[in-house]
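Below is one structure, written out as structure tokens; comments come after it.
The structure displayed is predicted, hence computed values, not measured ones. FYI, the numbering just counts along the sequence from 1.
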Amino acid sequence: MTATESLVHPTGNVRRESRAAVASENWKLLQLFNFYRLLLGGLAAFVALVFGQMPPFGTVSPNLFLYAGLAYFAIGLTAAWTIRVHKPDFESQAVMLGFADVALLTMLLHASGGIGSGAELMLLVSIAGSSLMLGRRITVFYASIATLAVLIEHAWGILTNTASSEGEVLQGYPKAGLLGVGLFATALVGYTLAERLRRTEALAEKRGVDLANLAQMNELIIQRLQSGVVVCGPDGRIRLINPIAHKFLGTQPTAVQNLTLNDVLPDMAIQYVQWQATHAPPSLRKLVRSRKNFTLLPRFIPLGDEPSAGTLIFLDDMSVLRQQAQQLKMAALARLTASIAHEIRNPLGALSNAAQLLSEVRIDDPELSRLLKIIDEQSRRMNTIVENVTQLSRRDRVNPRRLDLDTWLNEFTRQYTETVLIPKESFAPPVRSGLAGCFDPEQLYQVVSNLCQNALRASPPFTGTPQIQLRLARDGDGRPYLDVIDWGKGVPPDNVDNIFDPFFTTTPKGTGLGLYIARELCEGNNGALDYRPGEGGVGSVFRVTFSPGEDCSDAAES
């Protein structure tokens, strides 16, 4: 699984994890409060069983104090198991345990002499705990029940005609009222604090979702950047590297954690050390060449103010940058040449027509006939140059398709031999390769036909042996290529560096644009056109390199 695939729906994952964390914390809080319940019930039962009574606890009704303590402890034990198995649900358990707390703590309060014994503080703790776990309405409802229970407990003597003095009972109502106010205040304050915590958790969850989205976006951007990205520490040890950088540097994802810049590209490591010392501006960057024969331009960006934060290194493939610059140049040049060609064609056409009309008139002067012939020939040559120049604009209208190169090559050979009226035996039989490339089929025909035309022009007359060989294979980087091979005179060494220059020609009737346009069309299809001498120094080899067929797998196949 790739890094990108592992980031499917991170927002949902974060939300689910956040909700699971909140639920887990709620159960932990309920369990923690249950420990208080077990401790309180156990102490009450222990005091009643061992001491009978421990003033003020259990002084009024030791038996009630014992039974209430035992019941409270038993409820705590039962709750410990139900909380552990999470059955029933959290809210149901919190509600039932809250009722049990109010009822049994009121009994313990009554058995200890009521308000003034100090046992009423246990009710405050119970209401505070419930307010942290439940909603506002149920919290206020518990405070109301607890207040009513306190008032009933305080008036129990009057209600049962067991009070020794009604005046003392009446004097205690202010205390009961203040306790009720304290219960309501505790409930509201506890709920307010709990609600604030819930909002903080919700905000934290939202921030977590935002961070997950940001992390996914950053990951996708880094993974799909056309530039290589390398993150390294101040010591040059690599921390992160994206797939494009792996391709440029020839590294494997599994071994990157143990590599340094010096291990993968020593020249870049030297630049990095120099940049750390001087923080040189981008204009002073130097090109480096990787082991995979990529010409790279590194760009160093500090990740923070502290050196320990590391450095972000962008690696730009100069071939891509040159291609983009060339495309911009060719787009402007195409518009310019198209407008110039349009303006030249009109007077050129008039000139050619006038020469043709004059040639139809019987002229006895040989010198005048020779001049008319020169005008006609040069007009035709000028028209050829104009047509070649206008073809430059075709580079902007590239429609690359996935080509089965074997099928395309057989069809090209058939069409070309029929068009130029040469025997099929002029081409050596191609060897089937099973390769596919990405190229505009019409532009590829133009490129290869131009190369074949040059090969035939440089080859000796056909005597039954092949004059041209078309060979398909892969280069060292796995890219398919087509070699157009001839056994002619070859290109003189002094002209090798100039054959692709515009208007450079070695033949009197040539325009010098054929190879230049062919190379431009190849580069416009993300390919290349190169020359190399033939084997043994005999003939020429022009190599058309294709981008792999997988690069345009979504396009129609030809």
Side-chain angles (χ1 to χ4, degrees), residues 224-227 243-244 247-248 292-295 316-335 337-338 387-416 419 430 432-453 470-484 500 513-531 542-558:
R224 299 186 181 185
L225 270 178
Q226 295 303 310
S227 298
I244 298 298
K247 176 183 175 182
F248 289 162
K292 289 292 184 178
N293 293 324
F294 286 98
T295 302
D316 296 320
D317 184 5
M318 289 306 300
S319 63
V320 175
L321 296 179
R322 290 193 186 101
Q323 182 180 359
Q324 293 173 348
Q326 187 75 355
Q327 287 175 347
L328 294 176
K329 181 187 74 175
M330 291 306 302
L333 182 60
R335 290 192 293 269
T337 54
E387 289 180 352
N388 288 335
V389 168
T390 56
Q391 289 177 358
L392 292 175
S393 62
R394 296 185 62 192
R395 175 168 175 166
D396 291 336
R397 298 192 295 271
V398 178
N399 182 26
R401 304 175 66 182
R402 187 178 187 275
L403 302 176
D404 183 327
L405 295 179
D406 292 319
T407 303
W408 184 90
L409 195 59
N410 290 330
E411 181 64 19
F412 167 81
T413 305
R414 183 189 65 80
Q415 292 184 9
Y416 185 78
T419 302
R432 187 164 184 82
S433 64
L435 296 176
C438 188
F439 214 101
D440 186 313
E442 294 184 3
Q443 295 185 5
L444 181 59
Y445 186 94
Q446 179 180 346
V447 170
V448 180
S449 62
N450 182 280
L451 297 177
C452 290
Q453 181 180 353
L470 302 178
R471 181 176 62 193
L472 289 167
R474 289 186 185 273
D475 61 14
D477 294 329
R479 302 180 70 181
Y481 67 82
L482 170 64
D483 281 344
V484 180
F500 292 106
L513 289 173
L515 289 178
Y516 172 71
I517 293 174
R519 171 175 273 189
E520 291 298 322
L521 293 177
C522 288
E523 292 181 354
N525 284 270
N526 198 25
L529 175 61
D530 302 295
Y531 167 80
F542 284 89
R543 175 167 295 182
V544 179
T545 304
F546 302 88
S547 61
E550 296 78 10
D551 289 358
C552 54
S553 57
D554 293 336
E557 184 173 349
S558 297

### Query
Do Leu529 and Leu451 touch side chain to side chain, with heavy atoms closer than 4.5 Å?
yes
### Query
What heavy-atom pair brings Gly478 and Arg474 nearest, and what distance separates the two atoms?
O-NH1, 2.7 Å
#### Entry: Shortest non-hydrogen separation from Arg479 to Gly527 and the atoms involved
NH2-CA, 4.1 Å
### Any donor-acceptor N/O pair, Asp530 side chain to Arg543 backbone, under 3.5 Å
no
### Task
Can you measure from CG (Asn525) to CD (Glu520) and round to the nearest 0.5 angstrom?
11.5 Å
### Minimum side-chain heavy-atom gap Pro430-Asn410 below 4.5 Å
yes
### Task
Please check if the distance between the ring centroids of Phe500 and Tyr516 is under 6.0 Å.
no
### Query
Between atom CG of Asp440 and atom CG of Leu403, what is the distance when rounded to the nearest 0.5 Å?
8.5 Å
### Query
Is any side-chain heavy atom of Tyr416 closer than 4.5 Å to a side-chain heavy atom of Val448?
no
### Query
Considering all heavy atoms of both residues, which atom of Leu444 and which atom of Val544 are nearest to each other, and what is their separation?
CD1-CG1, 4.4 Å
### Reported CG-to-CD distance for the pair Leu409 and Glu411, which is rounded to 0.5 angstrom
10.5 Å
### Message
So Phe542 and Leu515, do their side chains get closer than 4.5 Å, heavy atoms only?
### Response
yes
### Query
So do Asn526 and Pro400 actually touch side chain to side chain, heavy atoms under 4.5 Å?
no
#### Entry: Flag side-chain contact, heavy atom, 4.5 Å: Phe412 against Leu482
no
### Task
Might you point out which heavy atoms bring Phe439 and Leu521 nearest each other, and give the distance in Å?
CZ-O, 4.0 Å
### Side chain Asp483, main chain Arg471, donor-acceptor under 3.5 Å
no
## Note on the structure
Between Pro480 and Ala436 the two heavy atoms that sit nearest each other are CG-O, 3.4 Å
### Query
For Asp406 and Ser433, does a side-chain donor sit closer than 3.5 Å to a side-chain acceptor?
yes
### Query
Would you say Cys438 and Arg402 make side-chain contact, with heavy atoms under 4.5 Å?
no
